[in-house]
Each structure stands twice: as C-alpha cells, then as structure tokens.
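All remarks here apply to the structure that follows.
Here is how names work: the chains are called A, B, and so on, in the same order as the sequence lines, proteins then strands, and each is numbered from 1. Basis for what follows: all heavy atoms, side chains included, without hydrogens, waters or symmetry-related copies.
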There are 2 protein chains.
Amino acid sequence: MTTLSNETSPLSAPLTDRIFDLLQDSIIKGEIPAGSKISEPELAKAYGVSRGTLREALSRLEERHLIVRSPNHGARVISFSYEELIDTYQIREVLGGLACSLAAQNMTGDEIGELRRLLDEHEKSIEEDHGLSYYQKEGELDFHYRILQGSRNKKLLVILDGGLYQLIRMYRYQFSTASPRPYLALKEHRRIVDAIEERDSELADLLMRRHIRTARINVEERHKNAMTKGADKG
Amino acid sequence: MTTLSNETSPLSAPLTDRIFDLLQDSIIKGEIPAGSKISEPELAKAYGVSRGTLREALSRLEERHLIVRSPNHGARVISFSYEELIDTYQIREVLGGLACSLAAQNMTGDEIGELRRLLDEHEKSIEEDHGLSYYQKEGELDFHYRILQGSRNKKLLVILDGGLYQLIRMYRYQFSTASPRPYLALKEHRRIVDAIEERDSELADLLMRRHIRTARINVEERHKNAMTKGADKG
DNA sequence: CAAGACAATTATGTCGACACTTTTATTTTA
DNA sequence: TAAAATAAAAGTGTCGACATAATTGTCTTG
C-alpha cells in the first residue's frame with residue numbers, strides 16, 4: 001500500500017492525461033531510457049493514440065522537464081546529469097526543511113499518528129526484505145509526501161511532488177541505488193516526527209535539512225567512488 | 001532594458017511556442033482576466049492558429065498551473081487566492097536565501113559588478129518616476145534573476161523563474177501593488193550585494209530571506225487592510 | 001574508395017473534420 | 001407561469017491528412 005501522490009488518472013480521464021501518466025512513469029522507471037530519442041509516430045502507435053493526443057502529453061512532459069524538445073528535431077528523454085541531481089538535493093534540503101517546519105505548525109494529531117504508523121510499517125518492511133525493495137525505492141518518499149501534505153502549503157506540494165521527487169525517483173530507479181542506510185534513515189525519520197509532535201518547528205526544520213543533506217552527501221560519495229573506479233569517459 | 005528571462009520565442013520558433021508565450025504574458029498581465037473561462041475556438045481564431053496548436057500551448061500552461069482544466073468543461077485562468085500567494089512567498093523566502101548563499105559562493109567578480117550597476121540604474125529609475133513604474137513592477141525581479149543565475153543552480157532557475165516569479169508578477173499587475181518602499185528595498189538589495197561580494201554566504205542567505213519576508217509581511221498587511229475596509233464578500 | 005550531390009524516406013509542424021458532451025434555447029405540459 | 005422535456009448550438013476530445021524540414025540511403029564524380 002502506497003500513499004504516494006502518483007495517482008494514475010482514471011479510465012474516464014481524457015486520453016492525453018493517461019498517456020501523460022504512462023509516459024511519465026516509463027521515463028522515471030527507465031523503461032524509456034534516459035537520453036533516448038522519442039519518435040512520435042512510433043510512440044503514438046505503441047499507445048494506440050493519435051499523434052495529436054500524444055503531442056499534448058509531450059508538451060506537458062516538456063514543461064516538467066522530463067523531456068527536451070528541439071524544433072524540427074524531436075524530443076529526447078532528459079539525460080541525467082550528476083550536477084543537476086546535486087542541484088535538486090540542495091533545493092530539496094531547504095524546501096524539505098520548510099515543509100517540516102510548517103508541518104510542525106499545522107499537522108493534526110491524527111496525521112502525526114498516521115505518520116508514526118507509516119514508520120512502523122517501514123520498519124517491518126526493512127526487516128522483512130533486509131531493506132532491499134519497496135521502502136528504499138518509494139517508501140521514503142512516501143514519508144516525505146505525508147509531511148508535505150501536513151505543511152498545508154499547496155505550492156510546496158506542487159514543486160516537490162510534481163517535480164523534484166520525480167528526478168530523485170528516476171535516479172534511484174536507474175542507478176538502483178537506494179539509501180544504503182535504511183535503519184539510520186528510519187531513526188532520523190522518527191526524530192523528525194518527534195519534533196513535529198512537539199510542535200518544535202525550528203528543530204523539525206533543522207533535522208529534516210540534515211536528513212536530506214546526509215542523503216546528498218551519500219550520493220556525492222557514491223559518485224566519487226564511481227568516478228575513480230570506473231572509466232571516466234566524457 | 002530588461003534582463004528578465006522572459007525571452008519571447010523567436011519568430012522562427014514553432015507556432016505553439018509563440019502562442020504559449022503570448023498566452024502566458026496575457027494571463028500574467030491580466031489581459032485575460034484571472035478566473036475567466038477560455039474558449040478554445042475563440043482563442044484559436046484570435047491568434048490565427050488551429051485548435052490543435054492552441055491545445056498544446058494550453059497543456060503547457062496547465063502544467064505551469066496558470067490555467068486549470070476540467071475534462072469536458074474547458075479551461076479557466078487560475079484565480080488568485082491570497083493563501084497561495086503567501087504560500088509562494090514562503091517558498092521564495094527559502095529558495096531566495098539558497099540562491100543568494102550559492103551566489104555568494106559562485107558569482108564572478110564581473111557579475112557582481114553588473115549587479116551593482118543594475119542597482120544604480122534602479123536608483124535612477126526610482127528618482128525619475130518616483131518609483132511608480134518599471135522598477136517596481138519588473139525591475140526588482142530583474143535583480144533576483146541575476147542572483148539566480150549567479151547561483152549556478154539550474155533547477156533553482158527553473159523553479160523560481162519558470163514558476164514562482166510568474167505568480168508574483170501576476171499579483172503585482174493585477175492589484176497594481178508594487179512595493180511601497182522602493183528606497184528601502186534598494187537599500188536591502190545593496191546590503192545583499194555587499195554580502196555576496198564579501199563571499200559571506202551565510203549573511204547573504206539571511207539578508208535575502210529577511211528581504212523577502214518583509215515583502216511578504218507587506219502583502220499581508222495590505223490584505224488585512226483590504227479586508228477590514230472593503231466589503232468582505234465570499 | 002572517399003566525399004559530395006541528389007533522391008527517397010521518415011519525422012515534425014500545422015490544419016480541418018467528426019463524434020460525443022455540455023450548455024443554452026425552445027417548446028411542451030402540469 | 002414554472003418546471004420538465006426536448007431541440008439546437010457550441011465546445012471539447014480525438015483523429016487523419018498534408019506541407020515542409022530533417023535524415024537516411026544511393027549515386028555520381030574526383
């Protein structure tokens with residue numbers, strides 16, 4: 001059971017919307033490889049829709065920066081630059097902190113309770129499969145998503161959930177490189193919930209920032225290793 | 001002379017892109033009123049393009065949350081909620097701070113010089129027309145935009161310039177309510193540049209946050225007054 | 001055989017048309 | 001006359017087609 005906002009559009013929704021969802025998911029999961037060129041006729045045929053319908057979806061994807069289009073040359077899936085990932089983490093750090101600080105002010109007791117329950121679930125999930133699958137890939141974002149909702153700031157939700165998280169999910173899928181420290185992360189999560197429960201927004205902000213910073217540094221380390229170890233082409 | 005990133009797409013660009021730019025501008029400036037319904041056939045005719053072309057632009061506008069679409073009912077220009085504006089300012093506060101702190105680390109001496117020159121221009125502009133026109137509507141965002149570029153964080157640029165600033169511009173146009181304290185703002189800007197020049201990223205962050213917070217509080221005050229004074233309908 | 005010119009193919013940009021929904025106008029009926 | 005039923009109009013969702021630009025493949029020529 002997931003609570004991630006990735007509500008795939010219902011079957012009653014316009015075709016364009018469903019195509020958009022499908023495409024976005026495919027891109028994030030790497031089923032359409034990063035950097036690959038997109039052929040409109042081909043895709044349209046694959047999904048069984050007209051090119052016009054597809055193009056509307058592509059326009060939205062472009063606006064989300066999941067694809068890049070150049071006039072008369074077609075669209076490509078974004079190719080993943082390490083720098084951009086780090087950029088994303090930097091932003092996530094301050095926005096995550098803000099979300100948390102607001103959540104400490106605005107979340108209801110019930111919501112906080114649910115948050116705790118979610119963390120318990122995560123703990124079980126980690127124990128069961130040694131922290132290898134769901135939790136690390138999606139579950140953690142689930143936690144962040146709840147806090148985001150608790151912040152009561154709609155714009156925050158749009159920016160993080162509608163844009164930044166996607167990138168991070170994409171990164172995790174493509175390098176299958178989920179957090180190598182699930183228990184530690186869980187502990188940090190628990191501390192954050194504590195701060196929220198105590199309505200200590202300043203502390204909540206600080207803990208969340210630190211949590212995300214740690215994750216970023218982790219990525220940076222991993223990258224450094226990959227650089228010295230693998231062939232450094234490019 | 002402006003430096004705002006609102007580069008209107010060249011005449012060689014695909015029609016869709018130009019329509020998108022035109023529409024976005026019209027919405028922001030209130031030429032297409034907030035909350036008004038959009039008729040595809042009508043708009044298409046007005047701009048002399050086919051509906052398909054227009055719809056691609058609308059899809060992008062929707063993704064930018066400048067319009068809202070509901071299936072089979074058409075699109076409406078977003079209507080401006082005070083809460084969302086405040087939400088936006090909260091986000092801008094932390095992101096502006098981040099941008100500034102990064103700018104202090106990454107901006108070149110030349111760029112800082114240009115920033116100073118820009119502020120001198122602004123000062124002149126304020127003196128000339130008593131701070132009534134350009135500077136307050138667009139010029140200030142110009143300043144922020146430079147810093148954004150100096151941060152070297154592309155994602156930041158996308159989020160702020162491509163999303164949040166629009167909302168603030170829209171608000172300013174529609175309530176023609178530019179900063180009532182141009183000289184003070186200018187002073188704050190100068191201090192920020194000082195901090196950047198001294199490579200004091202912590203101070204730069206703090207000053208920028210405070211600057212934006214002040215602007216937000218200003219909006220809040222204005223809103224309170226409007227509430228107690230005007231008829232409180234709704 | 002390599003390099004450039006030309007032809008054929010494919011892809012993108014843009015349009016007009018049709019089906020089905022929603023809204024508006026009109027007519028019927030209580 | 002007001003409300004319900006029905007018809008007309010307008011609007012959105014989706015498609016297929018054509019023009020033009022880009023790419024690929026082929027043929028010429030040095």
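Relative to the side chain of B:Glu40, the nucleotides D:dG13, D:dC15, C:dA11 differ in distance, and D:dG13 lies closest. When the nucleotides D:dT14, C:dT14, C:dC15 are ranked by their closest atom to the side chain of B:Glu56, C:dT14 comes out on top. You'll find that the side chain of B:His73 is closest to C:dT23, out of D:dG11, C:dT23, C:dG13. The side chain of A:Ser50 approaches D:dC15 more closely than any other nucleotide in the set D:dC15, D:dA21, C:dT22. Set against C:dA11, D:dC15, C:dG13, the side chain of A:Pro41 has C:dA11 as its closest nucleotide.
Within the 4.0 angstrom heavy-atom criterion, no nucleotide atom of any strand lies near B:Leu54. If you check every strand for non-hydrogen atoms under 4.0 Å, A:Gly74 touches sugar and phosphate atoms only. Nucleic acid contact class of A:Ile38 (heavy atoms, under 4.0 Å, all strands): sugar-phosphate only.
In terms of phosphate contacts, B:Thr53 brings a side-chain nitrogen or oxygen within less than 4.0 Å of OP1 or OP2 of C:dC15. Checking the phosphate oxygens (OP1, OP2) of D:dT12, a side-chain nitrogen or oxygen of B:Lys37 falls inside 4.0 Å. Contact between the side-chain N/O atoms of B:Ser39 and the OP1/OP2 oxygens of D:dG11 is found at a separation under 4.0 Å. Using a 4.0 Å cut-off, no side-chain N or O of A:Thr16 falls inside it from OP1 or OP2 of D:dG13.
Rounding to whole angstrom units, CZ of residue A:Arg69 and P of D:dA21 are separated by 18 Å. Here the C1' atom of nucleotide D:dT14 and the CG atom of A:Asp17 are 13 Å apart, to the nearest Å. Atom pair B:Leu15:CG and D:dT20:C1' shows a separation of 13 Å (rounding to whole Å applied). The nearest whole Å value for the distance from the CG atom in A:Asn72 to the P atom in D:dA19 is 17 Å. Rounding to whole angstrom units, CZ of residue A:Arg55 and P of D:dG16 are separated by 16 Å. If you measure from atom NZ of B:Lys45 to atom P of C:dG16, you get 12 Å, rounded to the nearest angstrom. In this structure, B:Leu58 atom CG and D:dG11 atom P are separated by 14 Å, rounded to whole Å.
Between the side chains of B:His211 and B:Glu140, a donor-acceptor pair is found at a separation under 3.5 Å. In the model, A:Gln24 has a side-chain atom that pairs as donor or acceptor with a side-chain atom of A:Arg64 under 3.5 Å.
Between B:His144 and B:Tyr165, the ring planes lie perpendicular to each other; the angle is over 60°, past the 30° to 60° tilted range.
Remark: B:Lys37 NZ is packed, more than 12 non-hydrogen atoms of other residues, nucleotides or ligands lying under 6.0 Å away. Heavy-atom neighbours of A:Gln105 CD from other residues, nucleotides or ligands within 6.0 Å: above the threshold of 12.
Contact of the B:Phe175 side chain with the B:Arg222 side chain is not registered, since no non-hydrogen atoms from C-beta on lie closer than 4.5 Å.
Not a single donor-acceptor pair, N or O on each side, falls under 3.5 Å between the base of D:dG11 and the side chain of B:Arg51.
If A:Pro71 and A:Arg18 are placed on DNA chain D by their nearest nucleotide, the residue sitting closer to the 5' end is A:Arg18.
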